[in-house]
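Okay, structure first, notes after.
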Amino acid sequence: MRMSAFFLPTLKETPTEAQIVSHRLMLRAGMIRQTSAGIYSWLPLGWRVLRRIEQIVREEQDAAGAQEVLMPTIQSADLWRESGRYDDYGKEMLRITDRHEREMLYGPTNEEMITDIFRTFVKSYRQLPLNLYHIQWKFRDEIRPRFGVMRGREFLMKDAYSFDIDAAGAKRSYQAMFLAYLRTFARMGLKAIPMRADTGPIGGDLSHEFIILAETGESGVFCDKQWLDLDVLAEAPNHGDDLQAFFDRFTSIYAATDEKHDADDPSTPKDLVSARGIEVGHIFYFGTKYSKPMNAAVAGPDGEPVLVEMGSYGIGVSRLVAAIIEASHDENGIIWPDAVAPFKVGLINLKPGDAETDRVCGDLYAGLGASGVDVLYDDRDERPGVKFADMDLIGLPWHLVVGPRGLKNGTVELKRRATGAREELSVEAALAKLIA
Ligand code: P5A
């Protein structure tokens with residue numbers, strides 16, 4: 001993409017309404033635009049990141065055996081009356097009346113709808129286990145939407161729902177999602193800490209939140225240093241391997257940390273590190289809380305009907321965009337982890353109009369593009385200082401800087417955004433390094 005044609009409405013001034021750094025940077029980098037309180041449009045740069053995150057979530061859900069569906073955003077109030085949650089949900093639910101005076105709502109979550117789909121089509125225990133998920137916009141009329149997309153009213157969530165014939169099966173489904181979550185966040189360059197949590201309006205008696213560390217996080221956590229040092233992608237088994245063995249090892253590390261501890265309580269283990277974090281995922285096991293009132297039963301091995309055991313598993317996909325920025329930025333702007341970066345390379349032409357610089361930039365842009373590397377090419381007629389500042393602000397992992405002075409010696413400069421490390425390379429070496 002050529003920056004001269006890219007719709008990237010960056011801001012020079014720091015927006016005063018934004019209280020946390022991720023919100024400020026998302027506005028300054030032209031990623032989002034608020035349209036009403038807690039409701040945002042996603043502009044091209046933001047949309048690219050959102051889709052990258054969504055894709056990692058999708059790949060890990062698929063690998064864990066969940067199947068993607070797409071349910072609507074608008075739901076019928078009747079379904080929620082069946083579960084008993086229509087009245088319980090209160091003012092957080094956006095209630096809508098259609099032209100026939102039918103009561104509808106903008107879904108805050110989908111336990112009821114998926115249970116209805118399940119009971120319509122699944123009749124035998126032989127069709128279990130089953131895990132269905134979708135990635136869809138949700139609406140919660142939060143009293144205080146704030147911090148940009150971190151706590152929005154409309155937000156993108158991945159929600160999965162598991163169905164099993166018994167509690168033992170449901171526990172395996174829970175563990176499989178638990179592991180998929182650790183892998184998902186690790187792939188995004190995040191260290192997620194699982195913590196035992198309250199179940200709130202979703203219900204049930206087993207639940208974990210996944211918290212990523214960031215100084216500005218809303219949740220206070222204590223975590224074991226061993227867990228912080230663990231390389232999840234290296235240690236967690238691949239999907240389908242022995243989950244229980246990993247869980248036994250994992251539990252031995254995090255047993256002390258999976259409860260919220262009070263820093264002033266003398267019984268708080270001392271080997272714990274106190275930190276702040278952001279909840280990016282939340283999983284629940286709630287047994288028959290929905291299957292019972294909605295009568296979602298299958299024929300068991302003896303032909304008798306059995307209520308299915310369920311769990312639900314959420315990831316805040318749009319919140320993750322902000323959470324990653326909170327965890328990864330410096331005073332100059334965002335530092336995207338490679339896996340979620342909107343472009344891998346920012347190619348900076350220091351002197352548009354200089355024939356040789358234009359030619360080399362054109363070759364690099366075409367060569368990288370032909371190899372499938374996403375490049376944002378700053379071909380604008382701007383001062384170098386402006387280009388460097390914009391590139392740092394939008395945080396692409398690699399900056400490739402091309403100007404007449406370097407080209408005289410046959411070199412270009414490659415900068416790693418995360419470390420600031422720079423090296424002078426030949427054009428060919430730079431290409432080879434970025435394509436690898
Ligand atoms: C689990 C999936 C549920 O809704 N039902 C289906 C369960 N869980 S949850 O904890 O309430 O939400 C799941 C994740 O969604 C994100 N989230 C939000 N993101 C942005 N703005 C909000 N207002 C918001 N509310 C929830 C969180 O990441 C949460 O973990």
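FYI, the numbering just counts along the sequence from 1. Side-chain atoms are counted along with the backbone in the values below, which use heavy atoms only and exclude waters and symmetry mates. Both counts, for ligands and for their atoms, begin at 1 and track the order of listing.
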Quick one: nearest non-hydrogen protein atom to [atom], plus distance?
{"atom": "atom 17 (N) of ligand 1", "value": "F155 CE1, 3.5 Å"}
{"atom": "atom 21 (N) of ligand 1", "value": "G152 N, 3.1 Å"}
{"atom": "atom 30 (O) of ligand 1", "value": "E279 OE2, 2.5 Å"}
{"atom": "atom 6 (C) of ligand 1", "value": "T109 OG1, 3.2 Å"}
{"atom": "atom 3 (C) of ligand 1", "value": "I202 CD1, 3.6 Å"}
{"atom": "atom 13 (C) of ligand 1", "value": "M157 CE, 3.8 Å"}
{"atom": "atom 4 (O) of ligand 1", "value": "R140 NH2, 2.8 Å"}
{"atom": "atom 16 (C) of ligand 1", "value": "G316 CA, 3.6 Å"}

For [X], is the nearest heavy atom under 4.0 Å from an atom of ligand 1?
{"X": "I278", "value": "no"}
{"X": "S318", "value": "no"}
{"X": "K158", "value": "no"}
{"X": "F210", "value": "no"}
{"X": "E111", "value": "yes"}

TODO: For atom NZ of K123, decide whether the heavy atoms of other residues, nucleotides or ligands shown that lie under 6.0 angstrom number more than 12.
DONE: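 Count over threshold, so yes.
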(message) Check this for me: Q67, atom CD, are more than 12 non-hydrogen atoms of other residues, nucleotides or ligands nearer than 6.0 Å?
(response)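 12 or below, so no.
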Nitrogen or oxygen of [X] less than 3.5 angstrom from that of ligand 1:
{"X": "E142", "answer": "yes"}
{"X": "R151", "answer": "no"}
{"X": "Y313", "answer": "no"}
{"X": "D159", "answer": "no"}

Between K91, R153, R151, which is the residue that forms a side-chain hydrogen bond (donor to acceptor under 3.5 Å, both in side chains) with E142?
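So the option named by the test is R151.
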Stepwise salt bridge (charged side-chain N to carboxylate O under 4.0 Å, His left out) check, R172 with D164
CA-CA 9 Å; R172 278 194 296 277; D164 283 274; 5.8 Å; no
| request: Could you walk me through whether R85 and D88 pass the salt bridge (charged side-chain N to carboxylate O under 4.0 Å, His left out) test, one step at a time? | output: CA-CA 5 Å; R85 275 207 295 183; D88 291 355; over 6 Å; no
* Determine, for Y290 and R119, whether the Lys NZ or Arg CZ falls below 6.0 Å from the six-membered ring centre while staying within 45 degrees of the axis. =>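 That pair does not qualify as a cation-pi contact.
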Checklist entry - Do F155 and W137 have ring centres separated by under 6.0 Å? => result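 No, the ring of F155 stays outside the 6.0 Å limit from the ring of W137, centre to centre.
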* Distance in Å, T35 OG1 paired with Y40 OH, rounded so as to fall on 0.5 Å steps ->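 If I round to the nearest 0.5 Å, the distance is 9.0 Å.
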- Query: Once you round to the nearest 0.5 Å, how far does OG1 of T199 lie from CD of E209?
  - Reply: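 One gets 11.0 Å once the value is rounded to the nearest 0.5 Å.
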Check: For Y161 and F118, what are the C-alpha separation, side-chain angles and deciding distance, and is it a ring pair (Phe, Tyr, Trp, His ring centres under 6.0 Å)?
Finding: CA-CA 10 Å; Y161 303 88; F118 178 90; over 10 Å; no
message = Looking at every non-hydrogen atom in both residues, tell me the closest pair between Y181 and Y313 and how far apart they are.
response =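 Closest approach of Y181 to Y313, heavy atoms only: OH-C, 2.9 Å.
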Side chain, backbone, both or neither: the part of R319 lying under 4.0 Å from ligand 1 by heavy atom: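 For R319, the contact with ligand 1 is made by the side chain alone.
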Proximal atoms of ligand 1 relative to [X] (non-hydrogen, under 4.0 Å):
{"X": "V280", "value": "28 (O), 30 (O)"}
{"X": "V149", "value": "20 (C)"}
{"X": "S312", "value": "1 (C), 2 (C), 5 (N), 6 (C), 7 (C)"}

Determine, step by step, whether E326 and R319 satisfy the salt bridge (charged side-chain N to carboxylate O under 4.0 Å, His left out) criterion, reporting the C-alpha distance in whole Å, the side-chain angles of both residues, the deciding distance to 0.1 Å, and the verdict. CA-CA 11 Å; E326 290 292 332; R319 174 177 288 186; over 6 Å; no
* Aromatic rings F6 and F343: how do their planes relate, parallel, tilted or perpendicular, breaks at 30° and 60°? ->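 Taking F343 first and then F6, their aromatic rings stand perpendicular (interplane angle over 60°).
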